[in-house]
Amino acid sequence: MKTEGVALLMCLTSRMVMVLAQEEVEELEEEDLFETTEAGLPPGYCSLNKPEYTARVKFIREGFEKRLYIEEASGNLADGSEICACKEGGELVCAFLEQVQSKPCNTDNIYYSHASPFYLAHRGGCICYSGDFICAKDDFTKAFKKDEVPVAPSPLQGVYLFMGYSRKDFKILMEGRQEVSDRVPNTEEEENLEVSSTVQQAVSHYTSNNNKSDCRISITEQAGENFVLAATLDIFDELRMKKNMSDSMKYQEKEECYDAVLNIADKVNSRDADMRSHVIMSMFKVASAEANVPPPPPTLAPEISSATCTTVTITAVLYPVLWVVTKAR
């Protein structure tokens with residue numbers, strides 16, 4: 001009974017974090033996917049009445065930015081893009097972003113044209129982008145000397161999202177942001193925070209809409225044009241630090257978090273319209289998600305049973321949230 005009581009408390013904590021995260025994500029979703037046919041302009045927004053652009057949004061919230069593209073009659077995107085920001089007072093400011101040069105990528109025996117996808121062992125999906133090879137994972141061979149035989153690293157244990165971005169596109173994007181916005185990161189730490197916060201919001205939105213526990217996103221490595229982000233459950237942090245997580249806990253982390261990061265990777269690789277128009281995510285050109293955990297146990301232990309968590313959510317989380325709303329009125 002004591003173990004089950006602790007487990008209920010752990011699940012309750014996780015679900016409460018999910019509810020709070022959902023409240024934060026609602027603002028992101030309004031900014032990213034706000035569509036309406038109403039005549040009036042919502043307070044605190046700028047009108048984005050430009051039908052030539054592919055973006056689905058009609059408004060931009062004050063303090064936010066959007067990257068916009070024009071779709072030609074052929075269905076292809078026109079060269080270049082535009083970044084627009086909504087400033088205080090409803091002022092819409094836009095700047096044109098140059099298209100990166102369409103350069104091929106050459107090796108000793110293979111030629112890749114610009115934007116051509118390909119695959120490399122231990123690096124996942126890759127793309128030739130303006131003369132650069134960009135892969136989901138960093139080039140591990142750089143750590144070896146020319147006379148050494150490169151040895152691939154062991155897979156990271158846990159749930160991870162690997163993303164590769166273009167330095168050239170990032171430079172163009174940042175120059176445009178500096179023209180239209182006052183919210184531009186000035187340090188590498190601030191840039192990394194923007195990336196982790198954006199991915200966190202996307203993950204929280206996915207988990208809250210798919211009856212999953214909220215997963216915490218953290219950057220574990222940033223090297224060259226690559227980011228490695230871990231997806232974990234806070235309830236296991238103490239055991240994780242002590243390296244005392246059970247196989248069933250590791251598998252539960254995969255069950256709760258993997259689909260969320262896989263959804264992001266799929267959208268990046270498919271050049272999803274929302275990803276392309278998001279100022280931060282638009283610079284990422286390729287991504288992959290991995291879950292390296294032990295196989296599922298015969299039966300899930302009581303402390304991580306999804307049924308247990310669901311019950312706690314209904315009886316212990318929704319009621320306090322409704323009480324707060326009533327009290328506020």
Side-chain angles (χ1 to χ4, degrees), residues 9-35 56-57 61 63-66 158-163 183 185 190-220 222 227-237 240 249-250 252-269 272-284 287-291 293 304 306 309-310 312-314 316-318 320-322 324-325:
L9 179 59
M10 293 169 69
C11 289
L12 172 60
T13 303
S14 177
R15 292 299 181 181
M16 291 182 69
V17 170
M18 182 184 73
V19 170
L20 294 175
Q22 183 177 6
E23 293 176 354
E24 296 177 356
V25 170
E26 285 176 356
E27 293 189 354
L28 173 73
E29 289 304 306
E30 287 180 2
E31 185 267 327
D32 277 351
L33 303 175
F34 195 138
E35 288 190 85
R56 295 184 297 168
V57 292
R61 188 153 58 94
F64 286 83
E65 308 149 58
K66 274 292 179 186
V159 181
Y160 288 91
L161 176 65
F162 302 88
M163 299 195 298
R183 300 178 57 183
E190 292 176 350
E191 292 169 0
N192 290 352
L193 180 59
E194 272 196 332
V195 172
S196 61
S197 298
T198 299
V199 174
Q200 179 68 71
Q201 289 171 329
V203 166
S204 296
H205 176 66
Y206 182 93
T207 55
S208 65
N209 282 281
N210 289 274
N211 197 29
K212 300 282 189 179
S213 301
D214 194 42
C215 303
R216 179 164 49 85
I217 297 298
S218 58
I219 295 176
T220 61
Q222 196 278 307
F227 280 84
V228 181
L229 301 100
T232 58
L233 294 174
D234 287 342
I235 56 175
F236 298 141
D237 276 357
R240 192 190 331 277
M249 291 176 182
K250 295 174 182 177
Q252 179 70 5
E253 211 157 53
K254 179 251 185 186
E255 286 291 285
E256 298 295 324
C257 303
Y258 177 66
D259 286 347
V261 293
L262 177 62
N263 180 63
I264 295 174
D266 287 344
K267 287 186 174 183
V268 170
N269 294 330
D272 177 78
D274 291 329
M275 288 292 178
R276 289 203 316 265
S277 64
H278 195 285
V279 172
I280 307 302
M281 297 306 295
S282 66
M283 70 179 182
F284 290 100
S288 67
E290 288 185 5
V293 300
I304 56 172
S306 59
C309 286
T310 302
V312 173
T313 302
I314 294 175
V317 175
L318 294 183
V321 172
L322 292 175
V324 171
V325 174

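Rounding to the nearest 0.5 angstrom, the gap separating the SG atom in Cys257 from the CG atom in Asp214 is 8.0 Å. Distance OG/Ser288 to CG/Leu262: 10.0 Å, rounded to 0.5 Å. In this structure, CE on Met281 lies 8.0 Å from CE on Met283, to the nearest 0.5 angstrom. Taking CZ of Arg183 as the start and CD of Glu194 as the end, the distance is 8.0 Å to the nearest 0.5 Å. In this structure, the separation between CG on Asn209 and OG on Ser204 is 10.5 Å, given to the nearest 0.5 Å. A distance of 6.0 Å separates CD1 of Ile235 from OG of Ser213, quoted to the nearest 0.5 Å.
Gln200 places a side-chain N or O within 3.5 Å of a backbone atom of Ile217 that can act as its donor or acceptor partner. Side-chain atoms of Glu253 come within 3.5 Å of backbone atoms of Leu233 as a donor-acceptor pair (strictly under, hydrogens ignored). With hydrogens and angles disregarded, no donor-acceptor distance shorter than 3.5 Å links the side chain of Ser277 to the backbone of Lys66. Judged by distance alone, with hydrogens and angles left aside, the side-chain atoms of Asn210 form no donor-acceptor pair with the main-chain N or O of Lys212 at under 3.5 Å.
For Ala260 against Val203, the heavy-atom pair with the smallest separation is CB-CG1, 3.9 Å. The shortest heavy-atom contact between Ala291 and Tyr258 is CB-CD1, 3.6 Å. Contact between Tyr160 and Val261 at its shortest, heavy atoms only, is O-CG2, 4.2 Å. In terms of heavy atoms, Asn263 sits closest to Tyr206 at ND2-CD1, 3.7 Å. Nearest heavy atom pair, residue His278 against residue Thr198, reads CE1-CG2, 3.4 Å.
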Give the C-alpha distance, both sets of side-chain angles, the deciding distance and a yes or no for side chain to side chain contact (heavy atoms under 4.5 Å, CB included) between Asn192 and Phe227. CA-CA 9 Å; Asn192 290 352; Phe227 280 84; 3.3 Å; yes
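Side-chain contact between Ile264 and Met275: present, with at least one pair of heavy atoms (C-beta onward) separated by less than 4.5 Å. Gln222 has its side chain out of reach of Val195: every pair of non-hydrogen atoms, C-beta onward, lies at least 4.5 Å apart.
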